[in-house]
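One structure is given here, and the rest of the page talks about it.
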Amino acid sequence: QVSGAGGTGLPQGRCTDVYGDPSNNNRLYTAVLGAGANGGIYRSANAGATWTQVNTNIAAGDVANASNVKLAMHNSAGNNVVYAIFVVAGRASNVYRSVNQGNNWTAMGVPTTNEGAPVGIHPGGQGNKNTSIAADKTQPQIVYVGGDRQPTANEGVNPNDTTFPNSI
C-alpha cells in the first residue's frame, strides 16, 4: 500500500521515486510534483499506510514549481540525515539537508563552477532527466550531486580556458 485513506494519503500529483530509509524499513520518503502548495516531500513512518508532508524551510517556489526532486539518506543506524535536490525548469534550484528525518530543512545552494561566471550542474537544462544525488556512506555531512554535462566556453566560463573537466 502506498497511500492511506481519509486525508492521510498523498495528494494528487506525480510522484518521483519512493525512497526507503536504510535504517528503518517502515520509513519511506517520496516527492509529489504538480500539486502546487500540496506538493513537495512526504514521509511515511508506517510503510506507506499514511503520509505526512515535510517541507518546513523548503522554498515555496521549489515546492510549487518542481519538475524533478531526488532524495538520498545517510545509511547508518540512528542517523536522521536526508538530502533533497529540487529541479525547476530543467535546472537545479537548491539542495536541502535535514538532520531530523525531514522535519526541518536547511538550504545548501547549488554547486557551481568557479571559472568566470558560475555555471550550475545543469548547463544543458536537462535536470528533469539527468539529476542524481547520493549521501556519503560514512560521513553524514557529505552529499554528492550530478547533473547533465560539463558547461562549454560560451556558458559562463572563461572563453580562453579550454580545460576539461572544469572545477565542478
Side-chain angles (χ1 to χ4, degrees), residues 1-112 118 120-122 126-148 168:
Q1 180 173 336
V2 185
S3 184
T8 59
L10 297 170
Q12 186 173 3
R14 184 172 54 92
C15 289
T16 55
D17 299 310
V18 176
Y19 300 87
D21 186 329
S23 67
N24 181 337
N25 291 334
N26 288 315
R27 189 175 309 123
L28 304 173
Y29 294 86
T30 192
V32 178
L33 310 176
N38 292 324
I41 300 174
Y42 281 77
R43 179 186 65 221
S44 174
N46 52 17
T50 60
W51 294 87
T52 302
Q53 187 181 39
V54 289
N55 290 334
T56 302
N57 297 329
I58 295 177
D62 285 343
V63 171
N65 300 311
S67 54
N68 193 5
V69 177
K70 296 289 185 182
L71 300 166
M73 277 125 298
H74 184 70
N75 66 353
S76 64
N79 193 302
N80 299 314
V81 178
V82 183
Y83 292 97
I85 184 168
F86 278 71
V87 175
V88 173
R91 300 186 189 279
S93 62
N94 221 326
V95 177
Y96 293 91
R97 180 176 190 254
S98 172
V99 296
N100 55 11
Q101 300 171 0
N103 290 324
N104 294 291
W105 297 86
T106 301
M108 298 174 58
V110 178
T112 60
I121 64 171
H122 294 117
Q126 298 175 16
N128 295 337
K129 294 189 290 186
N130 299 314
T131 298
S132 58
I133 187 167
D136 191 271
K137 290 183 178 188
T138 60
Q139 300 294 322
Q141 68 275 14
I142 297 175
V143 66
Y144 305 97
V145 296
D148 56 23
I168 204 165

Atom [atom1] in [X], atom [atom2] in [Y]: separation rounded to 0.5 Å?
X	Y	atom1	atom2	result
Ser98	Asn57	OG	CG	9.5 Å
Tyr29	Met73	OH	CE	7.0 Å
Asp148	Thr131	CG	OG1	7.5 Å
Ser93	Asn65	OG	CG	9.0 Å

Residue pairs passing the salt bridge (Lys or Arg N to Asp or Glu O under 4.0 Å) test where at least one lies in [range], sequence neighbours excluded:
range	value
residues 44-55	none
residues 53-72	Asp17-Lys70
residues 27-41	Asp21-Arg27

Just to verify, what does [X] make a side chain to side chain contact (heavy atoms under 4.5 Å, CB included) with, not counting sequence neighbours?
X	value
Asn26	Asn24, Ala47
Ala66	Leu33, Val69, Phe86
Val63	Asn55, Ile58
Ala60	none

For [X], give me all partners under side chain to side chain donor-acceptor pair (under 3.5 Å), at least two apart in sequence or on another chain.
X	answer
Asn128	Ser67
Asn104	none
Thr16	none
Asp136	Thr138, Tyr144

Tyr19 and side chain to side chain contact (heavy atoms under 4.5 Å, CB included): which partner among Val82, Leu28, Leu71?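 Between Tyr19 and the candidates, side chain to side chain contact (heavy atoms under 4.5 Å, CB included) is satisfied uniquely by Leu71.
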Side-chain heavy atoms of [X] within contact of [Y], under 4.5 Å:
X	Y	answer
Trp51	Thr30	yes
Val143	Ile133	yes
Val54	Tyr42	no

Do the side chain of [X] and the main chain of [Y] share a donor and acceptor less than 3.5 angstrom apart?
X	Y	result
Asn94	Gly109	yes
His122	Asn130	yes
Gln53	Gly39	yes
Trp105	Val99	no
Ser44	Thr50	yes

Least distance between heavy atoms, Ile121 atom then Gly146 atom: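 The pair with the smallest heavy-atom distance is CD1-O, 3.8 Å.
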Of the non-hydrogen atoms in Val81 and Pro140, which two are nearest, and what is the gap between them?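 That closest heavy-atom pairing would be CG1-O, 3.5 Å.
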Show me the pairs that pass side-chain hydrogen bond (donor to acceptor under 3.5 Å, both in side chains) and involve residues 81-92, at least two apart or across chains.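 Residue pairs with at least one partner in residues 81-92: Tyr83-Arg97.
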So does Gln141 have more than 12 non-hydrogen atoms from other groups sitting under 6.0 Å from CD?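 Result for CD/Gln141: enclosed.
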